[in-house]
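For reference, the structure discussed in these notes is given below.
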Amino acid sequence: MATPTNTVPPPPELKELPDGLRGLASPLRRPSIGTFVALVVAVAAVVWSAQGAQFSFGALLGGVPDIAEFLGRLWPPDFAKLGKIVALLVETLQMAIIGTLLGAVASLLLSFTAARNIAPRPVYLASRFVLNVLRSIPELVFALMFVTAVGLGPFAGILALAIGVIGTMAKIFAEAIESIDPGPVEAMRAVGAGRAQTVVFAMLPQAMPMITSYTLMLWEGNVRHATILGLVGAGGIGLELTLAMRLYDFGHLLAIIVCIVVLVTAIDRLSAFLRARLS
C-alpha cells in the first residue's frame, strides 16, 4: 500500500502557468540545506556584529531622556543669522554641483577602463583596484589633503567631492556599461565599426539614461557630504554648524539644521522629477 502524503496537488489552472509563475503560486516549500545554512550564517553574522559593536536596546532606552533634553535645548530655532545661513548653503550647493560635474566626467572616462566588456583584463583589474582604493578613503581625508594644498575655502571642498565620488561613480558607470544589450554592439562590429565607434554609438546611448540617473542621485549625496566638509575648513555650511555646536548656540544650530533639511528636500524632489522625465 502506498504511503499517503500531505501534499495537495496543484489546481489544473496552475499546470498551464510557466515554471517561474507556477513556483510563485504553489505553496511554500521546505528550504534546502544550502538555504538553511545561509540563514544560520546570516543570523550568526548579525549576532556577532551586534556584540562586537556593543549594540544595546537597554542603553538606547536609557538614553531617551537625555535625547529629549537635548532636543528641548534646541527649541526654538534662532533665525537671526538667516542671511548668513542661506549664503553658506548656496556655497554648499555650488560646491556640490561643480564637484559632481567634475567627478562625473572623470568617472565616465575611467569607467571605460573598468568595464569588463570594453577593457582588456589587466586594465580592468587595475582600474577596479584603483576604484576600491578611492572608495576606501573618506571625503574628509581628501578635504584635509586639498586644504593643505590649495588653502581653506570651497575650492578644496570641490576637489575633495570630485575625487571622493570617482570611486563610486566610475564603478556604477562601468556596471551600467556592462549591463547593456549586446545586440547593437554586435551589429556595429558586423558592419566594420571600430572600438571607439562601437562605444560611442552602440554602448553609450544604452547606458546614458542609467548614468544620468545615478549622477543625479550622487549629486544629492554630494550636497549632504558638502555640509560635512566645512568641518575641516573646506567651505560650505559645515564650519558654521561646527561653531554653533562648540559654542552651545542651540537655537542657531537648529536653524542651520532646518535650512539644510529644506535644501536637501528640495534637491531630492528636483532630482526625482528629473529622473522620472529621463525614464
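Every heavy atom of this structure was used, including side-chain atoms; hydrogens, water molecules and symmetry mates were not. Given the structure is predicted, the values throughout are model-derived calculations rather than measurements.
No side-chain heavy atom of Phe112 sits less than 4.5 Å from a side-chain heavy atom of Val123. At a threshold of 4.5 Å between non-hydrogen side-chain atoms, the residues Tyr248 and Leu253 do not count as touching.
Clustering of Ile, Leu, Val, Met, Phe, Trp and Tyr by side-chain heavy atoms under 4.5 Å joins Met145 with Leu110, Phe129, Val130, Leu131, Val133, Leu134, Ile137, Val141, Phe142, Phe146, Val150, Phe155, Leu159, Ile163, Ile166.
To the nearest 0.5 Å, atoms CG (Leu241) and OG1 (Thr227) are separated by 7.5 Å. Distance check, rounded to the nearest 0.5 Å: CD1 of Ile172 to CD1 of Ile211 gives 10.5 Å.
No donor-acceptor pair closer than 3.5 Å links the side chain of Thr168 to the backbone N or O of Val165. Counting only distance, with no hydrogens or angles, the side chain of Arg116 and the backbone of Tyr124 share no donor-acceptor pair below 3.5 Å.
Shown here are the salt bridge (charged side-chain N to carboxylate O under 4.0 Å, His left out) partners of Lys171, two or more places apart in sequence or in another chain: Glu175. Under the side-chain hydrogen bond (donor to acceptor under 3.5 Å, both in side chains) criterion, Asn132 pairs with Arg135, sequence neighbours left out.
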Side-chain atoms of residues 90-108: list all donor-acceptor pairs with protein atoms under 3.5 Å, sequence neighbours left out, distances to 0.1 Å.
unit_1 : atom_1 : unit_2 : atom_2 : d
Glu91  : OE2    : Gly236 : N      : 2.8
Thr92  : OG1    : Leu88  : O      : 2.8
Thr92  : OG1    : Ile237 : N      : 2.9
Thr100 : OG1    : Ala96  : O      : 2.6
Thr100 : OG1    : Asn222 : ND2    : 2.7
Ser107 : OG     : Gly103 : O      : 2.6

Sequence neighbours excluded and cut-off under 3.5 Å, please list the side-chain donor-acceptor pairs for residues 42-68, or say none.
unit_1 : atom_1 : unit_2 : atom_2 : d
Ser49  : OG     : Ala45  : O      : 2.8
Ser56  : OG     : Gly58  : N      : 3.3
Ser56  : OG     : Ala59  : N      : 3.1

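Counting only residues at least two apart or in different chains, salt bridge (Lys or Arg N to Asp or Glu O under 4.0 Å) contacts with residues 48-61 are absent.
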